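Below is one structure, written out as structure tokens; the observations come after it.
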Amino acid sequence: MRSISIALFLAHALLLLASCAGERNVVVLLPDSDGKTGSIVVSNQAGSRILSEQKQATIISSPTTSPTTPAPMDDEAIRKNFGEALAVLPPPPIHFILYFKTDSTDLTDESRRLLAKVLPATVDRKSTDVSVVGHTDRVGAREYNYNLGLERALLVRKMLVYLGIEQGLIEVTSHGEDNPLVKTADEVQEPRNRRVEVVVR
Amino acid sequence: MKKLVACTAAVCLLAPLIAYGAEMPVGSIKTVQGTASIIRNRTPIDTKAGARVFRNDSLKTGADGSLAMVFRDDTRLSIGPDSEVAIEEFLFSPAQGKLSFITRLLRGTAACMTGIIGKLSPESVRFETPVANIGIRGTAFAVKVDDPGR
């Protein structure tokens with residue numbers, strides 16, 4: 001049996017899978033950089049365990065043996081098992097959130113200043129991977145909002161290319177009304193959700 | 001000559017369609033250390049920081065290697081030495097209701113910080129291993145937004 005170790009950080013939790021010393025497979029749940037911890041379920045045909053506290057680990061000796069009762073893993077063991085993988089875990093992508101003036105294709109002054117910081121960020125991170133994602137609020141039909149988001153994202157790409165970012169590095173897409181910053185009911189106006197996000201990875 | 005112009009126009013029209021097609025990258029490599037590469041169609045390819053990663057690619061390291069990548073939904077994944085992980089499925093189109101993220105660790109060690117798919121649809125994220133699968137339980141949290149302009 002090959003050994004496996006996983007460390008999982010969820011958006012607010014980190015998952016680590018790791019090969020422990022010997023023939024062991026272990027999963028440990030870690031908090032993210034904010035100190036928040038999510039929760040994961042580790043399961044196979046023999047059983048399933050929920051890990052919901054930071055540094056909780058479960059050991060799985062085989063596909064037909066239930067994962068063990070979650071128990072704390074100390075920092076030394078985490079470092080020993082996952083040190084190399086954790087050392088190269090990249091920083092979170094940077095999100096630049098841009099807003100347009102009402103009923104306009106012009107960015108607000110603040111967003112215009114923010115846009116100028118995208119190029120330095122790509123240089124700083126040696127990024128080859130930039131996304132421009134259009135978002136709307138939930139007023140209007142879903143498809144209409146998808147297209148509206150895409151239109152604005154295309155405009156922002158044009159601005160980024162003008163500012164010197166290579167067009168081939170930029171992926172343009174729209175999440176329409178389906179990935180809000182602030183959750184609302186349908187047909188509710190929410191200016192904070194009408195945005196274009198530039199993501200530098 | 002007219003023919004040539006027509007052909008060029010057709011290529012120009014097609015290019016954006018290809019860019020938006022199914023074969024959009026799932027993310028990019030951020031760090032390569034020691035022996036480490038992307039495996040595509042069972043063949044290791046030259047892998048440097050910045051290389052694009054696609055669905056069905058695997059990431060593989062030797063005894064001295066480690067490798068890290070960032071996905072389009074902000075998920076960050078790294079592997080330690082003697083490790084192999086396969087990107088089995090990655091769909092990130094919230095507006096089409098298409099969200100899915102399945103990776104499989106075949107051996108070795110991995111660290112994963114889940115991203116927006118895990119936030120929008122925790123049940124669509126699965127991390128598989130030979131001995132057990134890992135799923136995400138819905139957790140109420142907002143996505144982290146790092147704004148260096150503030």
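None of the values given here were measured: they were computed from a predicted structure. The sequence lines fix the lettering, A, B, ..., with proteins before strands; numbering per chain opens at 1.
Options B/Ser28, B/Gly97, B/Ser78 differ in how many heavy-atom pairs under 4.5 Å they form with chain A, and the most are formed by B/Ser78. For chain A, the option among B/Gly65, B/Ala68, B/Ser83 with the highest count of heavy-atom pairs below 4.5 Å is B/Ala68. The candidate from A/Asn145, A/Leu169, A/Asp129 with the greatest count of non-hydrogen atom pairs under 4.5 Å with chain B is A/Asp129. When the candidates A/Val133, A/Val41, A/Thr128, A/Asn44 are compared by the number of heavy-atom contacts under 4.5 Å with chain B, A/Val41 comes out ahead. Top candidate by heavy-atom pairs under 4.5 Å with chain B, chosen from A/Pro90, A/Pro67, A/Gly176, is A/Pro90.
In the model, A/Glu171 has a side-chain atom that pairs as donor or acceptor with a side-chain atom of A/Ser131 under 3.5 Å.
In this structure, chain B has a heavy atom under 4.5 Å from the backbone of A/Ser174, while its side chain stays farther away. If you measure heavy-atom distances from A/Val199 to chain B, the contacts under 4.5 Å come from the side chain alone. Residue contact with chain A, scored on non-hydrogen atoms closer than 4.5 Å, involves the backbone and the side chain of B/Arg72 alike. If you measure heavy-atom distances from B/Leu120 to chain A, the contacts under 4.5 Å come from the side chain alone. If you measure heavy-atom distances from A/Arg142 to chain B, the contacts under 4.5 Å come from the side chain alone. Heavy-atom distances place no part of A/Leu51 under 4.5 Å from chain B, backbone and side chain included. Heavy-atom distances place the backbone of B/Leu67, and not its side chain, under 4.5 Å from chain A. For chain A, the nearby part of B/Gln33 is the side chain; its heavy atoms alone come within less than 4.5 Å. Only the side chain of B/Thr31 comes within contact range of chain A, judged by heavy atoms closer than 4.5 Å.
Residues A/Ala85 and B/Gly80 approach most closely at CB-N, 3.7 Å, considering heavy atoms. The minimum heavy-atom distance linking B/Ser121 with B/Leu99 is given by the pair CB-CD1, 3.7 Å.
Atom CZ of A/Arg192 has 12 or fewer neighbouring heavy atoms from other residues, nucleotides or ligands inside a 6.0 Å radius. Within a 6.0 Å radius of CD in B/Glu123, more than 12 heavy atoms belonging to other residues, nucleotides or ligands are found.
Checked against the 6.0 Å centroid threshold, B/Phe92 and B/Phe71 do not count as a close aromatic pair.
Ion pairing of A/Arg79 with A/Glu76 is present here, as a side-chain N (NZ or NE/NH1/NH2) and a carboxylate O approach within less than 4.0 Å.
Between atom CE of residue B/Met113 and atom CG of residue A/Leu89 there is a gap of 6.0 Å, rounded to the nearest 0.5 Å.
Remark: the backbone N or O of A/Asn193 is not paired with any side-chain donor or acceptor of A/Asp137 at under 3.5 angstrom.
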